[in-house]
Protein chains: 2
Amino acid sequence: MSAPFCASQTFSADCPSRLLFDQIADKWSMMVLKVLDDGPLRFNTIKRSIEGITQKALTQCLRRLERNGLLERRVIPVSPVAVEYEISPLGRSLQKPFAALYGWTLENMEAVETAREAFDARQGAAIAAE
Amino acid sequence: MSAPFCASQTFSADCPSRLLFDQIADKWSMMVLKVLDDGPLRFNTIKRSIEGITQKALTQCLRRLERNGLLERRVIPVSPVAVEYEISPLGRSLQKPFAALYGWTLENMEAVETAREAFDARQGAAIAAE
DNA sequence: CCGTATCCAGCCCGATACTG
DNA sequence: CAGTATCGGGCTGGATACGG
């Protein structure tokens, strides 16, 4: 067993999970997968579902997700062209860990906010004391 | 209940979980928390545990984690100064969803790699066909 | 040892315009 | 409708030097 699986407490640069993590944990992927949870959607429908995403960012995100096998892109030859995006089984398997993370943010954002205010107060006091 | 909790299938720009997600899902946070899993460590020990991280990046990451209440920073007044970082209960609660995500990457990176090769082959073929 | 400060290159991202 | 192409500014991230 010599695979670089980031054993114990060191993360080598060539650990595959690091490379993969960068691919899936970007700003938009989690939301895109969640939006596609209960059925295929078209490009602009997805875009409208995620406030603030630009066309370019969504295109890039969808391409990466498709390349990594997390969703499937299907062109429907009508006029004007329609394109459907559907989550793949692999993508569906990723939703569970994503849901856990999303749940954590909902449960703990108040605690984080409190910590943040305390930290900023400490910083402010430290600066004022100079 | 009118809080903007990203109900159903739309993600509004002011959804708190979006803001929080950006804070915790950066390139290094997950690894830092994992490294601190079984006890406090000092700055350079953490740095050596994560290959490729720069001093600046680690400093920024630790600051953000501290600000969000996920770890505690303790200065030990010896000479030269020693600083210990210890995961907080809040940070510990985040390890579980992180572990799920990390586990997913380990389990599925082969499938992703296969999908990636298939995608690239399709792209190559499409370009060659022009 | 544990940082902060500064500088600079690279890329990312949004805005815009255009195509099939 | 679903993209691609291009361009410019901002922000990040690395290298280096310095301070407590």
Side-chain angles (χ1 to χ4, degrees), chain A residues 11 13 18-19 21-32 35-36 40-67 71-86 119 122-124 126-127 129-130, chain B residues 11 13 18-19 21-32 35-36 40-67 71-86 119 122-124 126-127 129-130:
Chain A
F11 289 92
R18 274 177 61 166
L19 305 170
F21 184 75
D22 290 345
Q23 295 279 314
I24 61 172
D26 73 297
K27 194 175 180 182
W28 306 108
S29 292
M30 193 172 74
M31 282 182 275
V32 169
V35 162
L36 292 178
L41 291 177
R42 294 174 58 170
F43 187 88
N44 278 324
T45 312
I46 301 173
K47 186 171 184 304
R48 277 189 296 272
S49 303
I50 303 175
E51 195 181 335
I53 196 169
T54 63
Q55 189 175 47
K56 185 178 178 179
L58 181 54
T59 300
Q60 287 173 340
C61 184
L62 289 169
R63 280 290 174 284
R64 185 172 45 244
L65 289 173
E66 185 195 1
R67 179 167 185 258
L71 56 77
E72 279 153 28
R73 178 178 184 271
R74 201 166 29 251
V75 178
I76 300 160
V78 295
S79 179
V81 178
V83 179
E84 259 189 5
Y85 293 90
E86 181 169 21
F119 180 91
R122 282 201 301 276
Q123 292 307 90
I127 292 166
E130 283 173 8
Chain B
F11 289 92
R18 273 177 64 164
L19 305 170
F21 183 75
D22 291 345
Q23 294 279 315
I24 62 174
D26 73 297
K27 194 177 181 183
W28 306 107
S29 293
M30 192 173 74
M31 285 182 273
V32 170
V35 162
L36 292 178
L41 291 178
R42 295 174 55 171
F43 187 88
N44 278 325
T45 311
I46 301 173
K47 186 171 185 301
R48 277 189 297 272
S49 302
I50 303 174
E51 196 180 337
I53 196 170
T54 63
Q55 189 176 47
K56 184 178 177 179
L58 181 55
T59 299
Q60 286 174 342
C61 183
L62 289 169
R63 279 291 171 285
R64 184 173 44 243
L65 290 173
E66 186 195 2
R67 179 167 186 257
L71 56 77
E72 280 153 27
R73 179 177 184 270
R74 201 165 30 250
V75 178
I76 301 161
V78 294
S79 178
V81 177
V83 181
E84 260 189 5
Y85 293 92
E86 181 170 20
F119 181 90
R122 283 201 300 277
Q123 293 306 91
I127 292 168
E130 281 173 9

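Lettering of chains follows the sequences in order, A, B, ..., and the numbering in each one begins at 1. As the structure is a prediction and not an experimental result, all values here were calculated from the model.
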To the nearest Å, how far apart are [X] [atom1] and [N] [atom2]?
X	N	atom1	atom2	answer
A/Lys47	D/dC1	NZ	P	11 Å
B/Tyr85	C/dC2	OH	P	8 Å
A/Glu66	D/dG3	CD	C1'	13 Å
B/Phe43	C/dC1	CZ	P	11 Å
B/Arg63	C/dG3	CZ	P	6 Å
A/Leu62	D/dG3	CG	P	7 Å
A/Asn44	D/dG3	CG	C1'	10 Å
A/Asp26	D/dT12	CG	P	16 Å

Please tell me if [X] has a side-chain N or O lying less than 4.0 Å from either OP1 or OP2 of [N].
X	N	answer
A/Arg73	D/dA2	no
B/Arg42	C/dC1	no
B/Arg74	C/dC2	no

Quiz item: Under a 3.5 Å cutoff on both atom distances, Watson-Crick or G-U, what's the dot-bracket for DNA chain C ([ ] crossing, | other strand)?
Solution: |.||||||||||||||||||

Self-check item: Where B/Glu84 and B/Pro40 come nearest, the two heavy atoms and their spacing
Solution: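 In this case the closest contact between B/Glu84 and B/Pro40 is OE1-CB, 3.8 Å.
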
Quiz item: If you take all heavy atoms of B/Leu65 and B/Ser29, which pair is closest and at what distance?
Solution: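 Shortest heavy-atom separation between B/Leu65 and B/Ser29 comes out as CD2-OG, 3.9 Å.
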
Self-check item: Sole residue of A/Glu86, A/Arg64, A/Glu66 in side chain to side chain contact (heavy atoms under 4.5 Å, CB included) with A/Leu71
Solution: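 With A/Leu71 as partner, A/Glu86, A/Arg64, A/Glu66 yield a single side chain to side chain contact (heavy atoms under 4.5 Å, CB included), made by A/Glu66.
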
As an exercise, state the distance from [atom1] of [X] to [atom2] of [Y], rounded to the nearest 0.5 Å.
X	Y	atom1	atom2	answer
A/Ile53	A/Gln60	CD1	CD	9.5 Å
B/Leu58	B/Met31	CG	CE	11.0 Å
B/Asp22	A/Asp26	CG	CG	10.0 Å

Quiz item: Which nucleotides of nucleotides 7-20 of chain C have their base under 4.0 Å from a protein heavy atom (B), which only their sugar-phosphate (S), and which neither (-), written as one string 5' to 3'?
Solution: B-----BB------

pair [X]-[Y]: side-chain heavy atoms closer than 4.5 Å:
X	Y	answer
B/Leu62	B/Arg73	no
B/Val32	B/Tyr85	no
B/Ile50	A/Arg18	yes

